[in-house]
Amino acid sequence: MLTLLSDWCLANSTLMSATLTAVAQIFATVKRHSAYADVHTICDEYLLKVRAAGSAAAAAESKEECLACRGAIVFMSPWKAVCANGHPWDRCAVSLLTAATPKTRSCLGCNRKSISPEALATGDETAADAMPVDGTVVESNLMKVLLESMAVCVYCGNQLRS
């Protein structure tokens with residue numbers, strides 16, 4: 001019964017992305033509590049299928065691209081970004097986009113990073129690349145206004161310094 005339900009969830013993974021996590025947890029639990037090798041094999045097979053379906057669905061909805069390898073960056077955390085190949089990046093505290101530019105500001109209290117307004121003003125290519133929208137680079141006036149107006153960290157209230 002579990003394998004039939006899992007097959008259906010995998011076939012409809014775009015609609016069932018939240019369910020895939022639960023399916024993976026069920027198979028991991030079954031494997032942990034079973035003493036039979038054939039049950040372990042079936043669980044391992046489905047765990048691989050579920051993880052692959054989850055990765056493909058997440059990569060398909062990713063709007064950010066790694067500057068190091070052009071791999072998809074899936075939003076998993078408001079603090080850090082990691083691409084499919086494991087390259088780590090900080091996220092901008094203001095926009096939550098990947099702060100993949102050397103021109104950043106840091107919060108003096110919690111050390112969160114923010115893209116510096118100067119990065120946009122000088123046309124820094126890496127800062128512009130950090131703001132993709134549907135595959136195109138957008139240098140937004142709204143983004144400039146937000147970055148220029150944020151002198152304090154939105155998370156702890158301390159000063160942002162370059």
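Numbering starts at 1 and runs along the sequence shown. In what follows, every heavy atom counts, from backbone to side chain, and hydrogens, waters and symmetry copies are set aside. Here the structure is a predicted model, which means the values were calculated and not measured.
- In this structure, the side chains of Pro117 and Arg105 come closer than 4.5 Å at one or more pairs of heavy atoms.
- A salt bridge links Glu64 and Arg91; the closest N-O separation between the charged side-chain nitrogens and carboxylate oxygens is under 4.0 Å.
- Put simply, the side chain of Ser114 does not reach to within 4.5 Å of the side chain of Met150, judged on heavy atoms.
- In this structure the side chain of His87 never reaches within 4.5 angstrom of the side chain of Val82, judged on heavy atoms.
- Arg70 has a carboxylate O that lies under 4.0 Å from a charged side-chain N of Glu65, or vice versa, which qualifies the two as a salt bridge.
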Worked verdict on Ile115 versus Leu147 for side chain to side chain contact (heavy atoms under 4.5 Å, CB included): CA-CA 7 Å; Ile115 297 172; Leu147 291 174; 4.0 Å; yes
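- Checking each of Arg112, Lys80, Lys113 against Asp90 for a side chain to side chain donor-acceptor pair (under 3.5 Å) leaves exactly one that passes, namely Lys80.
- No side-chain heavy atom of Arg161 sits under 4.5 Å from any side-chain heavy atom of Ser106.
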Quick one: do Ile73 and Thr98 satisfy side chain to side chain contact (heavy atoms under 4.5 Å, CB included)? Show the steps, please. CA-CA 9 Å; Ile73 296 177; Thr98 305; 3.9 Å; yes
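- Between Cys66 and Trp89 the shortest heavy-atom distance is SG-NE1, 3.5 Å.
- Minimum heavy-atom separation, Cys92 to Ala99: N-CB, 3.9 Å.
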Side chain to side chain contact (heavy atoms under 4.5 Å, CB included), that's the test. Do Ser116 and Thr104 meet it? Break it down for me. CA-CA 5 Å; Ser116 174; Thr104 61; 5.7 Å; no
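- Closest approach of Ala151 to Gln159, counting heavy atoms only: O-OE1, 3.5 Å.
- Closest approach of Cys153 to Leu160, counting heavy atoms only: N-CG, 4.0 Å.
- No continuous path of ILVMFWY side-chain contacts below 4.5 Å connects Leu108 to Val152, so the two sit in separate hydrophobic clusters.
- Linking ILVMFWY residues whenever their side-chain heavy atoms come closer than 4.5 Å, directly or via other members, places Tyr155 and Val94 in the same cluster.
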